[in-house]
Enquirer: 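Pasting a structure below so you can have a look.
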Amino acid sequence: MPTDTKRVRGPEVSQSPSLFLCKNAVKKSTAANDARVDGRQRGQVDVRSVFVRCGLISQAKGSAYIEAGNTKLICCVYGPRETERKDETDMKSGRLITDMRFAPFSCRERGSWIQGSDEKDLSLMLLESLRPGVCLQKYPRSQIEVNVMVLENDGAVLAHAVTCASMALADAGIEMYDLVLGCSIRQEGATYLIDPTLLEENGYNLASGSRENLGSLTVAFLPSLNQISGLQSDGEMGEDTLTGDVRTCIEGCFKLYPVIQQALSKAVRRKAPPSES
């Protein structure tokens with residue numbers, strides 16, 4: 001069988017260079033100090049710097065790209081188009097379909113293109129977070145497809161996927177009640193880490209070794225309506241701690257809101273026809 005001599009094929013199994021970092025340095029950096037790995041402070045609403053842009057993919061009805069630290073995602077929206085399922089529920093209201101996948105090179109260990117169980121769970125959580133913000137009754141007998149691809153996973157992928165998908169829906173001209181913004185938090189005892197990195201998500205309080213009030217929380221929030229559209233929690237946290245973390249995530253969403261508004265305004269100006277002088 002002839003081979004393609006012009007293409008340089010990579011190894012079947014590859015590893016990220018971050019695997020070869022000194023483990024002792026990683027443990028020291030993730031200890032319970034005031035400063036975090038990237039210089040942010042513990043116990044403060046200090047989200048990562050975000051770069052966002054809309055309208056990158058011309059083949060899609062709407063698209064968006066978001067970069068928060070080393071976490072990078074891109075989203076494409078197709079539709080509304082005629083639905084494939086002809087049942088009574090789809091006749092009066094449209095259907096929202098979400099698909100979230102990780103690129104094979106997005107994680108430390110190379111993955112496959114086949115969607116796994118974790119990706120299916122994330123797709124379902126993304127659907128539940130976006131559905132309350134979309135006016136599906138405006139699109140009867142139609143379906144709207146939202147495809148999210150994680151290009152690099154460095155923590156809080158679900159929260160940033162919600163924000164990226166909401167921007168792509170707005171860029172596609174889909175009628176929405178409000179934008180949907182996401183924010184994640186990692187609780188470690190008496191302190192918390194807002195917008196955690198991958199090492200912070202997988203680690204724990206190394207100083208005390210205590211697992212009390214240890215867990216993570218992701219909130220999807222409608223800022224203009226001041227309503228929560230989705231909430232996903234893992235771990236064991238007390239009622240007071242969980243309530244405080246929800247309020248902290250809401251505050252983090254409000255910090256992202258002006259950046260998202262500015263990016264959408266720039267996308268609208270780019271698409272607007274030139275004015276006649």
Side-chain angles (χ1 to χ4, degrees), residues 38 40 45-80 96-107 119 122-123 125-127 129-130 133-134 144-184 194-198 218-224 229-230 249 252-275:
D38 49 10
R40 294 180 291 160
V45 187
D46 196 1
V47 297
R48 287 179 285 185
S49 300
V50 175
F51 171 79
V52 291
R53 188 171 180 181
C54 300
L56 296 177
I57 301 177
S58 58
Q59 293 85 352
K61 184 68 177 297
S63 60
Y65 171 81
I66 186 170
E67 181 175 325
N70 291 328
T71 298
K72 304 177 180 66
L73 302 94
I74 192 167
C75 178
C76 300
V77 173
Y78 300 93
L96 186 64
I97 301 175
T98 58
D99 183 79
M100 184 173 175
R101 296 175 184 265
F102 289 85
F105 49 83
S106 63
C107 303
E119 295 171 319
L122 289 174
S123 300
M125 297 174 192
L126 179 63
L127 174 63
S129 300
L130 292 176
V134 182
I144 302 171
E145 301 177 9
V146 179
N147 299 322
V148 178
M149 176 64 68
V150 180
L151 303 177
E152 186 173 354
N153 178 16
D154 192 29
V157 288
L158 178 59
H160 294 299
V162 171
T163 305
C164 187
S166 176
M167 293 178 58
L169 287 169
D171 183 65
I174 304 299
E175 292 193 36
M176 304 175 65
Y177 297 106
D178 192 7
L179 290 173
V180 187
L181 305 182
C183 186
S184 293
I194 194 76
D195 194 11
T197 62
L198 187 62
T218 301
V219 174
F221 184 66
L222 305 173
S224 297
S229 62
C249 288
C253 291
F254 277 118
K255 283 197 170 185
L256 294 176
Y257 194 33
V259 181
I260 305 304
Q261 285 181 315
Q262 185 179 7
L264 290 174
S265 300
K266 290 182 179 179
V268 171
R269 287 195 293 266
R270 286 196 302 266
K271 290 185 178 181
S275 59

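Any value given below was found using the heavy atoms of this structure, including those in side chains, with hydrogens, waters and symmetry copies removed.
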Enquirer: For residues D171 and S63, report the shortest heavy-atom separation together with the two atoms involved.
Expert: OD2-N, 3.2 Å
Enquirer: Please name the pair of heavy atoms, one in C75 and one in V148, separated by the smallest distance, quoted to 0.1 Å.
Expert: SG-CG2, 3.7 Å
Enquirer: Do L56 and R53 come close enough that some side-chain heavy atom pair is under 4.5 Å?
Expert: yes
Enquirer: Between the main-chain N or O of G155 and the side-chain N or O of T71, is there a donor-acceptor pair closer than 3.5 Å?
Expert: yes
Enquirer: Using the side chain to side chain contact (heavy atoms under 4.5 Å, CB included) criterion, which residues pair with V45? Sequence neighbours excluded.
Expert: Y192, T248, E251, K255
Enquirer: Within a strict 4.5 Å, meaning less than it, do heavy atoms of the V259 and L256 side chains meet?
Expert: no
Enquirer: Does any N or O in the side chain of S106 come within less than 3.5 Å of the main-chain N or O of F102, such that one atom is a donor and the other an acceptor?
Expert: no
Enquirer: What pairs of donor and acceptor atoms, side-chain ones from residues 261-270 against any protein atom, are under 3.5 angstrom apart with sequence neighbours left out?
Expert:
{"from": "Q261", "atom 1": "NE2", "to": "Y257", "atom 2": "OH", "distance (Å)": "3.3"}
{"from": "S265", "atom 1": "OG", "to": "Q261", "atom 2": "O", "distance (Å)": "2.9"}
{"from": "R270", "atom 1": "NH2", "to": "C54", "atom 2": "O", "distance (Å)": "2.8"}

Enquirer: On a heavy-atom basis, which atom in C253 and which in C183 lie closest, and how many Å separate them?
Expert: SG-CB, 3.7 Å
Enquirer: Quick one: pull up CD in E145 and CG in L96 and give me the separation to the nearest 0.5 Å.
Expert: 10.0 Å
Enquirer: Under the 3.5 angstrom rule, does the side chain of R40 hit a backbone N or O of D46 as a donor-acceptor pair?
Expert: yes
Enquirer: What's the spacing between R101 CZ and E119 CD if we round to 0.5 Å?
Expert: 6.5 Å
Enquirer: State the CE-CE distance between M100 and M149, to the nearest 0.5 angstrom.
Expert: 10.5 Å
Enquirer: Could you check whether any side-chain N or O of D178 sits under 3.5 Å from a backbone N or O of V180, counting only pairs where one atom can act as donor and the other as acceptor?
Expert: no
Enquirer: When you compare the side chain of L181 with that of V162, does any pair of heavy atoms fall below 4.5 Å?
Expert: no
Enquirer: For the CG atom of D38 and the CZ atom of R48, what is their distance to the nearest 0.5 Å?
Expert: 7.0 Å
Enquirer: Which value, rounded to the nearest 0.5 Å, describes the distance between E152 atom CD and F105 atom CZ?
Expert: 9.5 Å
Enquirer: Got a second to check how far T163's OG1 is from L130's CG, nearest 0.5 Å?
Expert: 9.5 Å
Enquirer: Test your reading of the model: is there a side-chain donor-acceptor pair from T98 to the backbone of V146, 3.5 Å cut-off?
Expert: no
Enquirer: Do you see a donor-acceptor pair shorter than 3.5 Å between the side chains of T218 and S184?
Expert: yes
